[in-house]
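Every number for a ligand or one of its atoms is a count from 1 in the order of the listing.
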Amino acid sequence: MIPARYGASRFPGKLMQDLGGKPVIVRTYEAAQATGLFDQVYVVTDSDVIFKEIEWHGGKAIMSQKEHDCGTDRIAEAVVHMDVDIVVNVQGDEPFTSKEGLEQVLSVFNGADADQIDLASLMTEIHDWREISDPNAVKVVVDKENFALYFSRSPIPYPRDKNAAVQYFKHKGIYAFRKQALLDFYRLPMTILEATEKIECIRFLEYGKRIKMAISNTQGIEIDTPEDLVRANKILKEEKRLPINNKYRNFPMVPKVVFGRGCFDQLTSIIGPHRKDKAPFIFLVDEVFKNKESVISRIPLRFNDKLLFISSFEEPKTEQVDVLVKSIKTEFTYRPSGIIGIGGGSILDLAKAVSIMLTNKGQASEYQGWDLVKNKAVYHVGIPTISGTGAEVSRTTVLTGPEKKLGINSDFTPFDQVVLDPELTDGVPKNQWFYTGMDCFIHCVESLNGTFLNEFSKSYGEKAYDLCLEIFLDPKVSPESAQEKLMMASWHGGMSIAYSQVGVAHAMSYGLSYVLGVKHGIGNCIVFQHLEDYYPEDVALFNQMIVHHGITLPKEVCRDLTPVQMDTMVSIALSLSPLWENALGPDWEQKVNAKVLKDLYRKM
Ligand code: NAD
Ligand code: ZN
């Protein structure tokens, strides 16, 4: 519940002031909703201007029936007839309301003492004596279990000894009430202490309610004055992220790369300078190398470094990332010096994700999407042993999560170092070589035929495309030369999509993978052969390559799908709007729909 009074005394009409193109109150509403913590979000207001504005933006608003002295009364009136258990009061003038604070205040209801709590609120540490003695900042003192003892505008406790080592807390006006506590507040008359200090929540204490305080040190910004508004607008401008398909993207590239047969042996000297005292390097190595001494014996393990063999039987999952990170954190006291991935796209993506999750809290699935990563990853090195995906150079990691298959796409994702040693691709089975190689070919096709194409993408895409034609169709190319060419094609294909996007084959292949576990490379091939409506010439070339290399693709993979599985597959594919937008233009939704996709999937 967001109480919103139009005529604030210090800054009249402030909730309707413009903040980055929307009124403050709309920003607050959207921020509360974006936390995903609430079943319902309402603005409760005395103003029909605010009411209409919220509805206009697709939100829910309630008009107060009566005059109210405070926001708590306003929301109490609104919930009387609602079936709710916990009501959270978010201040209308806090457009930067953070998820963290709200999460903290709600989390107290999951504690062992939850049944003793009538309401919960937030406090934040303060250190500056000016703030401690400022009557506008309400201080709070708590007992051992963080239940509020008293709120005051005076400094509490009073430090008789000037050097007393006491932590002062400021109260933040966010509350989570049990419905009954809120209704009691509304019913019970104001009390003397409350009236004296002019602090609403003292009423609860005076009537014997228990307020549990949670600590949050994130700084919000209240819009109390016109100056606050100017500051908030500035912050918003700085925070504004590049739209996903911004025309001129400023993206990071891999800063260091070494290429050449046998360059793997330089790994010791490459990672040496990045070793931090007592902090291990963790090597994530595809299990396929377990018995391959010629590779394993050259991995430079020192001190407490750790080598983990990882199966790429299934594509990486967010859960797998979380488990790996947890085991590393449990085993080592020091954050690793670096993560080194040695393998195909699966292992490279896993290495990127683990390095990110070692410095970012929570679970990997929280970061699936664009630019959600907050902190720089630990140093990470990618060493591909099969070519085609471009994962060694890309800004993303493809992960299957509980709800979606989507990468952690961020400026912190790319490797700090890549080692391109074509020799490491010795021994890749023929079919696998073809499927992963076709990933590269398809990246080029999708990028070069996409609407996001520019000269930057084109220059990389065309080179990779030409290399693919040589590798897969020209009988004169020697096996060694083909290895080297494919390694560079993979790199260039990856660079090409970094500045554009993939397209139809990838969107549909993600659906196959999510529902049936079909792997990326082969999934792309299964889809691509049926895309003559979208990429006619390249599908013809692809079919030549299939014949030339004697590859047989699985047939009728979607035959036994249940209707529910089919719907999931289609919805996963259609959820990848940037891919469709690249392939078909901004009006892609008029050109493709569930029926079109179902017909295509049935052909596969
Ligand atoms: P992979 O990593 O799953 O490896 C495929 C198979 O080849 C595995 O069985 C592996 O053990 C084997 N293999 C690898 N190197 C070998 C070697 N030298 N000798 C013998 N066997 C070897 O497959 P992939 O096609 O490289 O990667 C697919 C993964 O990459 C998918 O998870 C996909 O989502 C991801 N991907 C990521 C990006 C990105 O930009 N991050 C782009 C495309 C694909
Ligand atoms: Zn791909």
Discussion item. Within the 4.5 Å heavy-atom criterion, are Trp370 and Pro578 side-chain neighbours or not?
Written reply: yes
Worksheet item: Based purely on interatomic distance, does Asp286 place a nitrogen or oxygen under 3.5 Å from a nitrogen or oxygen of ligand 1?
Response: yes
Item to complete: Number the atoms of ligand 1 from 1 as they appear, then name those within less than 4.0 Å of a heavy atom of Gly427, with their elements.
Response: 19 (N), 20 (C)
Response to the item:
Atoms of ligand 1 under 4.0 Å from any heavy atom of Gly344, numbered from 1 in the order shown, are 2 (O), 26 (O)
Worksheet item: His274 vs Tyr379 aromatic rings, parallel, tilted or perpendicular, using cut-offs 30° and 60°?
Response: parallel
Response to the item:
atom 22 (C) of ligand 1 has as its nearest protein heavy atom Val288 CG1, 3.9 Å
Worksheet item: With a cut-off of 4.0 Å, which atoms of ligand 1 are near a heavy atom of Lys519?
Response: 3 (O)
Practice prompt. For Val398, take its heavy atoms, then give the atoms of ligand 1 lying under 4.0 Å from any of them.
Written response: 34 (O), 37 (C), 38 (C)
Worksheet item: What's the NE2-the Zn ion (ligand 2)-NE2 angle here (His443, His520), rounded to 10 degrees?
Response: 170°
Worksheet, complete the sentence: For the Zn ion (ligand 2), angle spanned by His506 NE2 and Asp439 OD1 (nearest 10°) is 100°
Worksheet item: Just checking, is any N or O donor in the side chain of Glu315 or Thr400 under 3.5 Å from an acceptor N or O on the other one?
Response: no
Discussion item. Give me the residue, atom name and distance of the protein heavy atom closest to atom 7 (O) of ligand 1.
Written reply: Gln432 CG, 3.4 Å
Item to complete: Could you list the atoms of ligand 1 found under 4.0 angstrom from a heavy atom of Pro316?
Response: 32 (O)
Item to complete: Work out whether the distance between some heavy atom of Gly521 and some atom of ligand 1 is less than 4.0 Å.
Response: no
Discussion item. Between Asp286 and Lys292, does any NZ, NE, NH1 or NH2 come within less than 4.0 Å of an OD or OE carboxylate oxygen?
Written reply: no
Discussion item. Any heavy atom of Tyr435 closer to ligand 1 than 4.0 angstrom?
Written reply: no
Worksheet item: What protein heavy atom sits nearest atom 25 (O) of ligand 1, and how far away is it?
Response: Thr436 OG1, 2.7 Å
Worksheet entry | Glu392 side chain reached by Val254 side chain, heavy atoms, under 4.5 Å | no
Worksheet item: Quick one: nearest non-hydrogen protein atom to atom 26 (O) of ligand 1, plus distance?
Response: Gly345 N, 2.8 Å
Worksheet item: So, Ser327 versus Thr330: side-chain donor-acceptor pair below 3.5 Å or not?
Response: no
Worksheet entry | Enumerated ligand 1 atoms positioned under 4.0 Å from heavy atoms of Ser394 | 39 (C), 40 (O), 41 (N)
Practice prompt. To the nearest 0.5 angstrom, please state how far the CD atom of Gln501 sits from the OG atom of Ser496.
Written response: 11.0 Å
Worksheet item: Parallel, tilted or perpendicular: which describes the rings of Phe251 and Phe456, with under 30° parallel and over 60° perpendicular?
Response: perpendicular
Worksheet item: If we only count N/O pairs under 3.5 Å, is His443 in contact with ligand 1?
Response: no
Fill in: Residues Asp411, Arg395: salt bridge by 4.0 Å N-O rule
yes
Worksheet item: Got a salt bridge between Lys306 and Glu331, using NZ or NE/NH1/NH2 to carboxylate O under 4.0 Å?
Response: yes
Discussion item. Which residue and atom name correspond to the protein heavy atom nearest atom 43 (C) of ligand 1, and how close is it?
Written reply: Asp439 OD2, 3.2 Å
Discussion item. So for ligand 1, is Thr396 a polar contact partner (N or O within less than 3.5 Å, distance only)?
Written reply: yes
Discussion item. Check for me whether Asp426 has a heavy atom closer than 4.0 Å to any atom of ligand 1.
Written reply: yes
Worksheet, complete the sentence: The protein heavy atom nearest to atom 4 (O) of ligand 1 is Ser312 OG, 4.2 Å
Discussion item. For a quick check under 3.5 Å, do Thr397 and Thr413 share a side-chain donor-acceptor pair by atom type?
Written reply: no
Worksheet item: Which of the atoms in ligand 1, numbered in the order shown and given with their element, are less than 4.0 Å from a heavy-atom of Leu424?
Response: 18 (N)
Discussion item. What protein heavy atom lies closest to atom 15 (N) of ligand 1? Include the residue and the distance to one decimal.
Written reply: Thr385 OG1, 2.8 Å
